Protein chains: 2
Amino acid sequence: MAKKGLDSKIIISTAAQLVEEKGYDHFSLNELALKLGVKTASLYNHIEGLQEVNSKVSHLAVSRLHLILEASIARKERDEALMSLTLAYRDFAKKNPELYKAVIKLPTSEDDQLKESGAQVVEPIIAILRKYALNEVDRIHFSRALRSAIHGFVEMEEAGFFRRHDANIDISYEKMIEGYIVILNSYNN
Amino acid sequence: MAKKGLDSKIIISTAAQLVEEKGYDHFSLNELALKLGVKTASLYNHIEGLQEVNSKVSHLAVSRLHLILEASIARKERDEALMSLTLAYRDFAKKNPELYKAVIKLPTSEDDQLKESGAQVVEPIIAILRKYALNEVDRIHFSRALRSAIHGFVEMEEAGFFRRHDANIDISYEKMIEGYIVILNSYNN
DNA sequence: GACTAAAACTAATACTATTAGTTTTAGTAA
DNA sequence: TTACTAAAACTAATAGTATTAGTTTTAGTC
């Protein structure tokens, strides 16, 4: 019963680990407590409840994705940056499929930081798009379409929709991104 | 304790209704039984368990979506058919947001009909694409990109990602589809 | 060395799905 | 009409979930 050095940060990062191990839908506070060497009720000294854990795991997932996206576009611009970011995005989702599922649940947690957290994924995309000849509104339109495609692709791939093996999935993805690059470059300039 | 006229079909359609009412994540067999005027354990005379219910609700959702997509392209071709189908798709997702969530869980249910059921959504899209000058492999590549975009868009919209009100969401969607139509028409012909 | 607040604990509650065993019902056969 | 059977309802119990209340222990401070 000695005080374990528990705090919210350790709990959330362990939760993220457990989500990846057991699957997003099979996460439980019982297993989390077990992994932390503590009784389940003890967690409530540090967290409000399951909802808060879920919410914070989502924020953590978005944070990590953000870092990777930023790194992917360092010293790159335009088409090269876009291709690099989109590949990094899919790579993250494939390496952390269960944690990635937390990303889409982000805005569900109705706290105020969500605008900030949501922006973490859009921001590097918007940064790239600024180098193209789109006005601000078209930039938003285009970024929504691009994010939809990227997210939709990795989620459907993970869910098991793309089964026809006579068409290579990597190539499907590349062609999709190339399509977006074509559209993007067609905006006058 | 008189025999209620329960069968699998009634159970699943009631489950689908309950999913829409309470939200996909808050569905329970207890509430389902309550709504059917039966004790929870009695459901097991007709269903294997929760997993089967979830799986069959997914199949039902896909079936309904399929019907709507087919109807949307009746007597239409090419660009007009594509625009009509994509609008119908989003419309379905907006009118049945919780039930739509069951669609993405389809392939998780590992039964053999999944190829058939999954095909229900692709099929009308492929039918449209046959009228364009793509070879079979490119048709698959393109359909994956299009489905990713459509699904990704409606899911992110429902999840609350598209918040900037200075860009109209309907227009974002239209522009996205128009982009795909441009790409599609650029395949020689 | 006593006091306090944080952080662990135990115990209980109300949900969830699921299984086993029992009773009732509806329909069929004698 | 009565007896039989199988389906479909039931009750009761189990194991898992999150959560709350109340208690004990610990670590650090006065």
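Labels below follow one simple rule: chain letters A, B, ... track the order of the sequence lines, proteins then strands, and each chain is numbered from 1. Please read all numbers here as calculations on a predicted model, not as lab measurements.
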When only distance counts, do a donor and an acceptor, one from the side chain of B/N45 and one from the base of D/dA7, lie under 3.5 Å apart? no

Please name all residues satisfying side chain to side chain donor-acceptor pair (under 3.5 Å) with A/E136, sequence neighbours left out, ordered by chain then number. B/R164

DNA chain C-proximal residues of residues 12-44 of chain B, any heavy atom under 4.0 Å: B/S28, B/L29, B/N30, B/T40, B/A41, B/Y44

Check whether B/S148 reaches the backbone of B/R144 with its side chain - one donor and one acceptor, N or O, closer than 3.5 Å. yes

Exam field: side chain B/S58 to backbone B/A102, donor-acceptor pair closer than 3.5 Å: yes

Do A/Y187 and A/N135 have side chains that get closer than 4.5 Å, going by heavy atoms? no

Okay, side chain of B/E98, backbone of B/V19: is any donor-acceptor separation there less than 3.5 Å? no

Grab the CD-C1' distance between A/Q51 and D/dT17 for me, whole Å please. 15 Å

What's the CD1-C1' distance between B/I11 and D/dA8, to the nearest Å? 11 Å

If only side-chain N and O atoms of B/H46 are considered, is one of them under 4.0 Å from the OP1 or OP2 phosphate oxygen of D/dA7? no

Pair assignment for C/dT22, Watson-Crick or G-U wobble, requiring both distances under 3.5 Å: D/dA9

Take atom CD1 of A/I47 and atom C1' of D/dT20, then tell me their distance rounded to the nearest Å. 13 Å

Hydrophobic cluster (4.5 angstrom, side-chain heavy atoms) - remaining members for B/I126: B/V122

